[in-house]
Amino acid sequence: MRSFIPYIFFIFVLALYSCGSSKKPVEDNTLTSEVQVNVPGFDADSAYAYIEKQLSFGPRVPGSEAHSKCASWLETIMESFADTVQVQAFKARAYNGNVLRGRNIIASFNLENKKRIMLSAHWDSRPFADHDPLESNHNTAIDGANDGASGVGVLIEAARQFSMQNPAIGLDIIFFDLEDYGPPQDAQNYAGEDYWGLGSQYWANNPHKTNYRALYGILLDMVGVKDPTFMMEGFSMMYAPSRVKKVWDMAEELGYGKYFPRERGSYITDDHYYVNNIANIPTINIIHLDPKSVNGSFFDHWHTVNDNLESIDRSSLKIVGTVILNVVYREKG
Ligand code: AHN
Ligand code: ZN
């Protein structure tokens with residue numbers, strides 16, 4: 001009987017290898033371990049002020065003066081906090097044939113460290129309020145307080161903290177441009193095409209550094225909604241389930257479990273999709289999802305003229321910012 005054992009072992013090894021051809025994305029499972037460290041407090045008032053500042057330029061619609069002024073401001077403020085800031089200027093074709101000029105802004109900390117985390121949000125705002133209940137508003141550009149500015153505001157405040165207390169891990173904060181220029185609701189012919197996330201698609205195909213790698217990425221989108229429910233978004237679970245678990249565990253440990261329910265959300269074609277699919281960096285999306293909202297997915301004021309400062313809740317910024325700071329500072333460099 002003993003002589004069978006090597007054969008059984010051989011068959012087992014063979015079976016292991018034959019599974020390798022499956023198409024399911026395989027997450028790189030080199031999770032880093034946690035360290036004991038004093039994590040600075042996240043200042044939600046400061047994050048709020050950064051959102052207010054972005055909105056002060058007017059809607060950050062590609063091609064507008066507000067867009068270019070805001071880009072310069074983002075570059076300057078990130079230069080004051082980060083070790084380096086790179087601006088990636090690019091052109092992309094929109095669903096309607098318009099050629100848009102975009103700017104991805106990449107702020108890096110601890111450049112010498114090969115172990116890196118990538119944090120991101122989109123900084124442009126949508127040119128049309130195509131989900132507004134008033135049809136006469138459908139061609140009006142939105143402030144994008146939640147849809148865009150909230151994630152950027154949280155990450156600028158995080159950067160301010162990183163400048164005061166250096167984390168052990170390397171960090172790249174990327175503000176993607178041209179996320180929200182996707183086809184309007186009433187232009188049906190473009191469904192399924194890659195017209196969202198033009199900035200992240202560009203970056204994923206042309207990273208700011210050759211052979212750029214990060215252990216994982218976190219995207220923030222619509223994080224300023226009152227009483228948020230950050231459900232476990234579909235593509236995040238498909239490409240980076242262990243990172244979702246890590247962040248949701250951290251949120252629970254911090255007492256924010258209620259806002260990070262362990263429930264699956266729908267699949268959102270957002271910037272993280274392209275970072276996962278093209279650049280192969282396991283990236284999760286912390287995004288407020290509410291199947292009971294008027295649009296069936298996002299917050300009620302999504303892509304309406306009411307996505308303005310009034311729909312931002314400071315305590316939500318505090319929750320998300322605190323989770324981000326804890327995740328980053330507790331990573332071993
Ligand atoms: C789609 O609705 C296909 N994607 C939503 C991505 C998005 C828009 N995030 C913010 N605004
Ligand atoms: Zn949007």
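Start at 1 and go down the list; that is how both ligands and their atoms are numbered.
- Ring geometry for F90 against Y202 counts as parallel: the plane angle stays under 30°, on a 0 to 90° scale with 60° as the upper cut.
- Ring planes of W203 and Y212: perpendicular class, angle over 60° (limits at 30 and 60°).
- Under the side chain to side chain donor-acceptor pair (under 3.5 Å) test applied with H122, the options D270, N104, D147 reduce to a single match, D147.
- Atom 5 (C) of ligand 1 has its nearest heavy-atom neighbour, among D270, T269, D180, D194, in T269.
- The two residues L309 and A145 come nearest to each other via the heavy atoms N-CB, 3.8 Å.
- Near W302, the atoms of ligand 1 lying under 4.0 angstrom from a non-hydrogen atom of the residue are 11 (N).
- Residue-to-ligand polar distances keep H122 apart from ligand 1: every N/O pair is separated by 3.5 Å or more.
- The cationic group of R160 does not satisfy the cation-pi geometry with F81, failing either the under 6.0 Å distance to the six-membered ring centre or the 45° limit from the ring axis.
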Using the rule given for side-chain hydrogen bond (donor to acceptor under 3.5 Å, both in side chains), can you reason through H272 versus E233, listing the C-alpha separation, both sets of side-chain angles and the distance that settles it, and then say yes or no?
CA-CA 11 Å; H272 72 311; E233 183 271 338; 2.8 Å; yes
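- Neither the backbone nor the side chain of R126 has a heavy atom within less than 4.0 Å of ligand 1.
- For the Zn ion (ligand 2), the set of protein N/O/S atoms nearer than 2.8 Å consists of D147 OD2, D180 OD1, D180 OD2, H303 NE2, ordered by chain and number.
- Within ligand 1, the atoms closer than 4.0 Å to a non-hydrogen atom of D147 are 10 (C), 11 (N), numbered from 1 in the order shown.
- Annotation: D221 places an N or O atom under 3.5 Å from an N or O atom of ligand 1; distance criterion only.
- Within the model, atoms CG of N146 and OG of S311 stand 4.5 Å from one another, a figure rounded to the nearest 0.5 Å.
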Quick one, N110 with N166, criterion side-chain hydrogen bond (donor to acceptor under 3.5 Å, both in side chains). Give me CA distance, side-chain angles, the key distance, then yes/no.
CA-CA 8 Å; N110 299 337; N166 192 23; 3.0 Å; yes
